[in-house]
Amino acid sequence: MGNKRGRFSGRLGFVAAAAGSAVGLGNIWRFPYETGENGGAAFLLIYLICTIIIGLPVMLGEIAVGRKSQMDAYGSYRNLGNKNWGMVGAFGIICGIMILSFYNVVAGWAFGYFIQIVFDGLLVEGKGNYGNYFNSYVADFWDNLIFSFVFMVLTAFIVIRGIKAGIETASKVLMPLLFVILITLIVYALTLDNAMEGVKFYLLPDFSAVNASTIYSALGQAFFSLSLGMGALITYGSYLKKKENLFKAAAVVTLADVSVAFLAGLLIFPLVFSQGQEPTAGPGLVFVALPTIFEQMGPLMGRIVGGSFFLLLCFAALTSTISLLEVPVAYLVDERKLKRKKVVFGLAALVFVIGLPSMLSAGAVDFFTNFMHYEGKNKSFLDVISDLFSEVGLVFGGFMLTLFITFKWKTKKMTKELSEGNPGYAKSILKSLVNFSITVLSPIILGVIFVITVLQKFFGVSLF
Ligand code: TRP
């Protein structure tokens with residue numbers, strides 16, 4: 001059976017796919033608005049710390065578990081642990097399905113923006129008030145429906161083609177292009193009036209704004225952005241050969257992910273400040289801040305540069321949606337021995353249907369738009385699903401992974417796995433640091449923050 005599973009062609013293939021999974025809407029759409037809502041530079045700093053001291057070790061843990069077991073997320077926990085631990089993997093698979101259901105909706109917005117900028121009059125109609133444009137755009141049910149549908153279908157086709165042909169190729173070509181366009185736009189943005197105010201907000205920390213929920217958001221963002229906590233990297237790790245140096249791979253993926261997020265912030269905040277907007281605008285931030293510079297470039301250049309930007313954002317999102325879909329697909333193919341093609345279409349349809357209320361929750365239907373009220377805000381259906389599965393769920397998944405490695409699988413075995421393809425690892429200081437994080441630091445921080453957030457968000461207990 002083992003030889004029927006897909007494989008990455010080598011370290012570069014894995015790195016491209018894992019970085020493709022990591023880099024996505026989380027970096028360019030979510031990171032800037034989370035940073036904006038949470039006070040700027042201090043958030044950036046805490047996010048970076050979380051990424052290095054918790055994110056990277058957890059990532060190594062996931063990849064090691066996957067490569068050791070050569071199974072899907074559920075199968076990995078069951079094989080290296082037992083049936084009960086398998087539930088952790090199963091929970092991750094469910095998280096993946098739920099995250100994909102709303103992620104695909106936001107990807108649909110990006111796709112719609114690409115179409116509207118290039119082939120329609122976004123830069124004319126929205127002129128002067130891209131905020132209104134965005135609000136009415138996302139409230140339109142049919143636009144949402146059509147673009148998310150197209151996005152889901154694209155995702156499904158790539159996942160059907162399988163590991164090497166589909167996932168790897170898409171990532172290898174498109175990631176570098178994204179860097180190029182980001183840097184070009186940053187150079188342009190920094191020349192605008194008042195841009196330096198944005199740079200200050202982004203890079204000079206004000207720690208008075210930091211509280212428990214800042215730390216929680218930063219941790220949640222780090223997990224979401226690195227694709228951790230639900231078995232995506234267990235699944236990708238299971239397609240790796242023994243020879244690969246996992247530490248190097250994880251380090252490169254983390255670096256790529258952090259760089260894109262950092263650059264996205266360096267682009268967005270100068271724009272936001274030069275346009276006199278509020279950095280706290282929330283999920284619309286990128287969609288509102290960017291069109292103005294495309295407009296300033298003139299009708300033709302605006303279409304070309306703006307179109308390219310949103311197209312690349314779509315590709316970044318696509319290499320992420322394929323990783324999200326691959327997790328449940330791997331489960332059904334490995335465990336239930338079902339045909340890949342059938343599974344992919346079945347799951348894509350299911351996820352799309354689960355995503356319908358999210359599509360209706362940005363203004364189209366009031367019931368879903370003001371679905372719940374907590375943390376002093378009205379939350380849409382999309383917000384609730386995002387909070388539950390992409391913050392709370394991932395942190396919980398990461399917490400369980402650290403317990404699994406500490407108490408069940410044991411760090412000794414993890415070290416052994418990480419030494420394959422990296423003979424010096426067992427004796428290096430890195431090993432001690434990684435093990436300290438997995439057995440002490442991460443479980444404590446993840447566990448405490450998980451409990452605090454659940455109490456705060458869903459039971460209204462305010463501890464701070
Ligand atoms: N990391 C991706 C992003 O930043 C989203 C994503 C893809 C993800 N796969 C994941 C998040 C698995 C959590 C788990 O856009």
Side-chain angles (χ1 to χ4, degrees), residues 16-35 47 50-51 54-56 58-59 61-63 66 72-73 88-89 91-110 151 155 158-159 167 170-171 174-175 178 217-237 250 253-265 283 286 312-331 351 385-398 400-401:
S21 163
V23 175
L25 297 167
N27 307 60
I28 293 172
W29 162 70
R30 185 167 140 152
F31 172 77
Y33 86 73
E34 287 277 351
T35 307
Y47 155 81
C50 289
T51 297
I54 303 176
L56 182 58
V58 168
M59 180 185 284
E62 279 202 21
I63 303 174
D72 63 291
V88 176
F91 174 77
I93 293 168
I94 292 170
C95 267
I97 290 176
M98 298 309 289
I99 292 175
L100 183 55
S101 79
F102 78 81
Y103 195 94
N104 188 56
V105 174
V106 181
W109 298 348
F151 215 86
T155 305
I158 298 188
V159 174
I167 297 177
S171 309
L174 302 166
M175 293 278 302
L178 186 67
S217 303
L219 189 62
Q221 173 60 26
F223 265 64
F224 184 80
S225 190
L226 294 168
S227 303
L228 298 177
M230 51 144 285
L233 289 170
I234 295 181
T235 309
Y236 274 16
V253 172
T254 304
L255 188 69
D257 187 56
V258 166
S259 319
V260 174
F262 180 78
L263 292 177
V286 177
L312 283 171
L313 182 56
C314 288
F315 281 123
L318 193 59
T319 52
S320 300
T321 53
I322 56 188
S323 82
L324 284 160
L325 188 58
E326 180 66 24
V327 175
V329 167
Y331 164 72
V351 170
I385 297 293
S386 167
D387 281 354
L388 262 181
F389 294 96
S390 77
E391 287 203 341
V392 181
L394 296 181
V395 167
F396 176 73
M400 293 308 285
L401 180 88

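Order of listing sets the numbers, starting from 1, for every ligand and every atom in it. Worth knowing before you read on, the calculation uses all heavy atoms, side chains too, and leaves out hydrogens, waters and symmetry mates.
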Could you tell me, for ligand 1, which of its N or O atoms are under 3.5 Å from any protein N or O, listing the pairs and their distances rounded to 0.1 Å?
{"unit_1": "ligand 1", "atom_1": "1 (N)", "unit_2": "S21", "atom_2": "O", "d": "3.1"}
{"unit_1": "ligand 1", "atom_1": "1 (N)", "unit_2": "A22", "atom_2": "O", "d": "3.0"}
{"unit_1": "ligand 1", "atom_1": "1 (N)", "unit_2": "F224", "atom_2": "O", "d": "2.8"}
{"unit_1": "ligand 1", "atom_1": "1 (N)", "unit_2": "S225", "atom_2": "O", "d": "3.1"}
{"unit_1": "ligand 1", "atom_1": "1 (N)", "unit_2": "S227", "atom_2": "OG", "d": "3.0"}
{"unit_1": "ligand 1", "atom_1": "4 (O)", "unit_2": "A22", "atom_2": "O", "d": "2.8"}
{"unit_1": "ligand 1", "atom_1": "4 (O)", "unit_2": "G26", "atom_2": "N", "d": "3.3"}
{"unit_1": "ligand 1", "atom_1": "4 (O)", "unit_2": "N27", "atom_2": "OD1", "d": "3.3"}
{"unit_1": "ligand 1", "atom_1": "9 (N)", "unit_2": "S227", "atom_2": "OG", "d": "3.3"}
{"unit_1": "ligand 1", "atom_1": "9 (N)", "unit_2": "S323", "atom_2": "OG", "d": "2.9"}
{"unit_1": "ligand 1", "atom_1": "15 (O)", "unit_2": "L25", "atom_2": "N", "d": "3.1"}
{"unit_1": "ligand 1", "atom_1": "15 (O)", "unit_2": "G26", "atom_2": "N", "d": "2.8"}
{"unit_1": "ligand 1", "atom_1": "15 (O)", "unit_2": "Y103", "atom_2": "OH", "d": "2.5"}

So F396 and F91, would you call those rings parallel, tilted or perpendicular, with 30° and 60° as cut-offs?
-> perpendicular
Do any N or O atoms from the side chain of Y103 and from the backbone of L25 form a donor-acceptor pair under 3.5 angstrom?
->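 Present.
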Atom pair SG/CG of C50 and L56 - distance to nearest 0.5 Å =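 Those atoms lie 13.0 Å apart.
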Donor-acceptor list for residues 255-263 side chains, cut-off 3.5 Å, not counting sequence neighbours:
{"unit_1": "D257", "atom_1": "OD1", "unit_2": "N27", "atom_2": "ND2", "d": "2.7"}
{"unit_1": "D257", "atom_1": "OD1", "unit_2": "S225", "atom_2": "OG", "d": "3.1"}
{"unit_1": "D257", "atom_1": "OD2", "unit_2": "S225", "atom_2": "OG", "d": "2.8"}
{"unit_1": "S259", "atom_1": "OG", "unit_2": "L255", "atom_2": "O", "d": "2.4"}

Sequence neighbours left out, what passes side-chain hydrogen bond (donor to acceptor under 3.5 Å, both in side chains) with W29? Give chain and number order.
-> none
Show the atom names and distances, to 0.1 Å, of all donor-acceptor pairs under 3.5 Å that link a side chain in residues 227-235 to residues at least two apart or in another chain.
{"unit_1": "S227", "atom_1": "OG", "unit_2": "S21", "atom_2": "O", "d": "3.1"}
{"unit_1": "S227", "atom_1": "OG", "unit_2": "S21", "atom_2": "OG", "d": "2.8"}
{"unit_1": "T235", "atom_1": "OG1", "unit_2": "G231", "atom_2": "O", "d": "2.7"}

